[in-house]
Protein chains: 2
Amino acid sequence: MGITERKKRDFEHREQVILGASLNLFDCDEWLSVTVDQIADAAEIGKGTIYKHFSSKEEIYAKLTLDFYYGLLEQLERIDQNRSSISILGDIFKVALHYHLSQPEFRRVTQYCKRIDFKKNHSEEICNAFEKLDSRFRNLVGDILSTGMEKNEIPRTNVRQLYYCMKTCFDGSVDTVWTGYSGLEKVDIDEYIKIITQFMVAGVLGLGDLENNQIAKVYLN
Amino acid sequence: MGITERKKRDFEHREQVILGASLNLFDCDEWLSVTVDQIADAAEIGKGTIYKHFSSKEEIYAKLTLDFYYGLLEQLERIDQNRSSISILGDIFKVALHYHLSQPEFRRVTQYCKRIDFKKNHSEEICNAFEKLDSRFRNLVGDILSTGMEKNEIPRTNVRQLYYCMKTCFDGSVDTVWTGYSGLEKVDIDEYIKIITQFMVAGVLGLGDLENNQIAKVYLN
DNA sequence: TCATTATATGACCAGCAGTCACTTTATTCA
DNA sequence: TGAATAAAGTGACTGCTGGTCATATAATGA
């Protein structure tokens, strides 16, 4: 039924309107005290309607964050894989960090939803969505690392462990650019992206080699 | 006046009681919905009294977090500086990560207070306290890096930039151990601490050398 | 003993998240 | 066509909670 289809589209469109209005209102440091009434006003709908789309205010946060990460993973998965693993890893960092910088209005919500306890207080559906995102990222990076080791571009080592190092560096750098963006600390962001990418590369290349070279000796003295 | 003194001590002691009671109640995933009344009950005082010590509920979060970090920095600043810079950096990671793991009950509050917008909504006093913590850490690590470069233990490069790389890795690793602790993802934590420390060392050693060695060539192909 | 000050308290208030009975709109089918 | 049914929208209402403040209580000292 075409008409049913359109109604469905309308309904989904309205969801986007709510999310858009929310995001607008959330782009300030007091975003946590934005009320559902305010969101309803901004979206030009009744308050009750919001609860037809989201089971709670927090679910709006979650959906915004999920959408943000869908966009990120789409870009990351589109990165050309036919180059050296190191180049690809470098691009992942660059693409991801620029993606974050290009949508700074998401930084507060996203950080809020990253909290360990946040996800645990939500529906199965939301949890699964976050879980799926994690595994998409894990697979993407994991494959690059494995391939890199096979092609001897990356020193052989435990992929799982190397992945967690990458992830650590990745999460940390996202945090840093967004903190930098907020002006809490002045960082020249473009320079930073270049440097942290190099740092990550040095870590990936150096980690597996560590047992065999002088680094270990200095370190373990 | 000895009596005035004792009253002051009593008052300060009460603050610790409130913080302790709060921390206890906060050790669950629903910690954000713990009410001030519950805290008052647990601390066996009236609700009004809490507001004699803290200007808002959020200030309790902030004070807990500050106390946690005071403890961390105390331990970090006590690390023996008379060894190679690389050893010291490694110890900083080890000490810090073990410190975090030894007080998992702080992980939710601390993560909550790390948010970029959190600090901005608090009194000058709280802001300054956080600022001071940051600069203590920055100085500690910055000095180690500078000394390391002087002693040729670390390749010479921009200290500021290298610091941000360290910081990135540090923040990321804290996140990872605490996420791991919560069981969202299973990580063998002791193994992880060893590996991420090595990763960081490889990064620090590799970053400055990057221009002169083959890493750069592979990466910049 | 009483006046004064300092501290503790919980009843109270305002504001907000979330609900639900009702209205409005769209769709179906007799 | 229009009556019946379904679906979506709505905002007045409720219960709860953070924060306040007038009062109670205790300590000090004259």
Side-chain angles (χ1 to χ4, degrees), chain A residues 1-22 25-26 28 30-64 109 112-113 117-118 121-123 125-126, chain B residues 1-22 25-26 28 30-64 109 112-113 117-118 121-123 125-126:
Chain A
M1 301 296 116
I3 291 169
T4 318
E5 279 296 303
R6 207 201 50 195
K7 285 196 77 176
K8 210 172 168 183
R9 269 212 315 280
D10 280 0
F11 190 79
E12 272 158 23
H13 175 251
R14 190 150 276 183
E15 183 159 320
Q16 287 309 311
V17 172
I18 297 171
L19 289 174
S22 302
L25 292 169
F26 291 170
C28 67
E30 301 74 30
W31 72 283
L32 266 184
S33 44
V34 169
T35 68
V36 176
D37 283 281
Q38 283 175 282
I39 296 172
D41 281 355
E44 295 178 304
I45 54 170
K47 181 176 177 173
T49 310
I50 289 190
Y51 288 90
K52 288 275 197 291
H53 292 265
F54 306 94
S55 68
S56 69
K57 194 184 171 190
E58 292 237 314
E59 200 169 299
I60 299 179
Y61 304 161
K63 281 274 170 63
L64 278 172
V109 208
Y112 184 87
C113 296
D117 50 302
F118 180 83
N121 291 307
H122 286 274
S123 65
E125 193 201 336
I126 298 281
Chain B
M1 296 296 116
I3 292 170
T4 317
E5 279 297 302
R6 207 202 50 197
K7 289 195 77 174
K8 208 173 170 182
R9 267 211 319 280
D10 280 0
F11 189 80
E12 271 159 23
H13 175 251
R14 189 152 278 183
E15 182 158 320
Q16 287 307 312
V17 171
I18 298 171
L19 290 174
S22 302
L25 292 169
F26 291 170
C28 67
E30 300 74 31
W31 73 282
L32 266 184
S33 44
V34 169
T35 67
V36 177
D37 284 280
Q38 282 175 283
I39 295 172
D41 280 355
E44 295 179 304
I45 53 171
K47 180 177 175 171
T49 310
I50 289 190
Y51 287 90
K52 289 275 197 289
H53 293 265
F54 306 94
S55 68
S56 70
K57 194 184 172 192
E58 292 236 314
E59 200 168 300
I60 299 180
Y61 304 161
K63 281 274 168 64
L64 278 171
V109 207
Y112 184 87
C113 295
D117 50 302
F118 180 83
N121 290 306
H122 286 274
S123 64
E125 191 200 339
I126 299 281

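Chain naming here is simple, since letters A, B, ... match the order of the sequence lines and numbering starts at 1 in each.
- With sequence neighbours excluded, no residue forms a side chain to side chain contact (heavy atoms under 4.5 Å, CB included) with B/Asp41.
- Nearest heavy atom pair, residue B/Asp117 against residue B/Asn121, reads O-ND2, 3.2 Å.
- The nearest whole Å value for the distance from the CD atom in B/Glu30 to the C1' atom in D/dT17 is 17 Å.
- Protein atom CD of B/Glu59 is 10 Å distant from nucleotide atom P of D/dG19, rounded to whole Å.
- The separation between B/Gln38 atom CD and D/dG18 atom C1' is 13 Å, rounded to whole Å.
- Applying a 4.0 Å cut-off to non-hydrogen atoms, the residues of residues 12-21 of chain B that approach DNA chain C are B/Arg14, listed by residue number.
- A/Asp37 has its CG atom 13 Å from the C1' atom of C/dT19, to the nearest Å.
- Considering only residues two or more places apart in sequence or on other chains, A/Ser55 meets the side chain to side chain donor-acceptor pair (under 3.5 Å) condition with A/Glu59.
- Annotation: proximity of residues 44-58 of chain A to DNA chain C (heavy atom, distance under 4.0 Å) is found for A/Lys47, A/Tyr51, A/Ser56, A/Lys57, numbered in ascending order.
- Residues satisfying the side chain to side chain donor-acceptor pair (under 3.5 Å) criterion with A/Gln38, sequence neighbours excluded, are A/Thr35.
- Rounded to whole angstrom, the span from the CD1 atom of A/Ile39 across to the P atom of C/dA17 amounts to 8 Å.
- Rounded to whole Å, atom P of D/dT17 lies 18 Å from atom CG of A/Leu32.
- With sequence neighbours excluded, the residues forming a side chain to side chain donor-acceptor pair (under 3.5 Å) with A/Lys47 are A/Asp37, listed by chain and number.
- Rounding to the nearest 0.5 Å places CD1 of A/Ile60 at 11.0 Å from SG of A/Cys113.
- Partners of B/Ser123 under the side chain to side chain contact (heavy atoms under 4.5 Å, CB included) rule, at least two apart in sequence or in another chain, are B/Glu125, B/Ile126.
- Listed by first and then second residue, the ring-ring contact (aromatic ring centres under 6.0 Å, His included) pairs that reach into residues 38-61 of chain A are A/Phe11-A/His53, A/Phe26-A/Tyr61, A/Trp31-A/Tyr61, A/Tyr61-A/Tyr112, sequence neighbours excluded.
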